[in-house]
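Single-structure report; data block below.
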Amino acid sequence: MGSSIYPVPLSGIQETLVDAKGDLIVGSAADATARLAVGTNDHVLTADSSATNGIKWAAASGGGAFTSIASGSLSSTSVSITGIVGTYTNLMLFVRDWYPSSQDHYLAIRFNNNSSGTNYGWTLVRSQATSTGANQFAANEFHFNDGANGQNNSDGNNFAKFTIFDYTNTSTHKFAEFGGSFLAGTTPTQTQRVINGGLVWKATPAAITEINIIMIGGSSFSAGTYELYGVK
Amino acid sequence: MSRPTIKIHNADTGEITEIAMNDTQYEQYLKDVAEFDAKKTAEETKAAQKAALLERLGITQDEANLLLS
């Protein structure tokens, strides 16, 4: 049985082509290679025919259907998120872990800082003895803890979610779904209540460019966060 | 007495400011507080009337709920 002789390759990709951790070897043309230096942290590899090597590192473009528009901590008597651009289809707002600095004060929402007239109507289901609530356009803001006021308790585990549909529409009223939970009742019989419902804002039709998160009753937010996302 | 503050987060520029209320905002704030106080007083009055009625009838809240169910 004869032995095999393997030829030593006369050309190949030299390891000296890379200079640093994370460098990539990419094809730059037919039968040609090049070094692509490691990109910025959190950037992703993106095809780009106009780039020297046909590929580049770039910031992720939105990460899918949800794009963060604004986020921060709740403080003062209200937080107004202004300058909301109209490049999305819907908006989603999360308000977490808030509680008022005074007993019984509660979370409310306005759109475009509209407080004139009674343009907010809603219906809701709540997990308590009085299990439903409704407001037939008799309020100048939306009351999240309607009929069951908020506790100034840091262990409230309060959470509210709003999905605001078609917010750039300038010809119809705006509709939003909401849900979440909050602590209510009187010490020591405080109970966590689950809430779910829908609300309509029927002011003169206009795109929503501002959302006001308000502590109603005169006190301030002792804690909490807000996150606003654009949804395509 | 200094006016309450409001926080403004401009989502377009990312700028966050916390400022004292202007005249319009302060007027709305006072209106909101007055409405809250009126609502709370009404709720307390209603609760007191309810408690007085239950006492006159000599039944508990649970018994009243049973009658109404």
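Throughout, protein chains are lettered first and strands after them, A, B, ... in sequence-line order, and every chain is numbered starting at 1.
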Which heavy atom of A:Ile69 sits nearest to which heavy atom of B:Ala11, and what is that distance? CG2-CB, 3.4 Å
With a 4.5 angstrom heavy-atom cut-off, is it the side chain or the backbone of A:Tyr226 that approaches chain B, or both, or neither? side chain
What part of A:Thr87 gets closer than 4.5 Å to chain B, counting heavy atoms only: side chain, backbone, both or neither? neither
dist A:Ser116:OG -> B:Gln28:CD (nearest 0.5 Å) comes out at 8.5 Å
A:Thr77 side chain to B:Ile6 backbone, donor-acceptor under 3.5 Å: no
Let me know if A:Val85 has heavy atoms under 4.5 Å from chain B in its side chain, its backbone, both or neither. side chain
Quick one: pull up NZ in B:Lys7 and OG in A:Ser76 and give me the separation to the nearest 0.5 Å. 7.5 Å
Region of A:Asn113 in contact with chain B, defined by heavy-atom distances below 4.5 Å: neither
In Å, rounded to the nearest 0.5 Å, how long is the span from CG of B:Asp12 to CD1 of A:Ile81? 13.5 Å
Interface check, chain B: of A:Leu228, A:Ile214, A:Asn140, most non-hydrogen pairs under 4.5 Å belong to A:Asn140
In terms of heavy-atom pairs under 4.5 Å with chain A, the winner among B:Lys31, B:His9, B:Gln25, B:Glu18 is B:His9
Do you know which of A:Ser73, A:Ser219, A:Ser220, A:Ala108 has the most heavy-atom pairs with chain B at a distance under 4.5 angstrom? A:Ser73
Sidechain N-carboxylate O distance under 4.0 Å for A:Arg110, B:Asp32: yes
Is it true that, when you exclude B:Glu63 itself, more than 12 heavy atoms of the residues, nucleotides or ligands shown sit nearer than 6.0 Å to its CD? yes
Working to the nearest 0.5 Å, report the span between CD1 of B:Ile8 and OG1 of A:Thr82. 6.5 Å
Looking at OH of B:Tyr29 and CE of A:Met215, how far apart are the two atoms once the value is rounded to the nearest 0.5 Å? 11.5 Å
Within 6.0 Å of CD in B:Glu55, more than 12 heavy atoms from elsewhere: no
Which atoms of B:Glu35 approach chain A - backbone, side chain, both or neither, heavy atom under 4.5 Å: side chain
Nearest heavy atoms of A:Gln103 and B:Lys40, plus distance in Å: O-NZ, 4.5 Å
Which answer fits A:Glu210, side chain, backbone, both or neither, if we ask what part of it has an atom under 4.5 Å from a heavy atom of chain B? neither
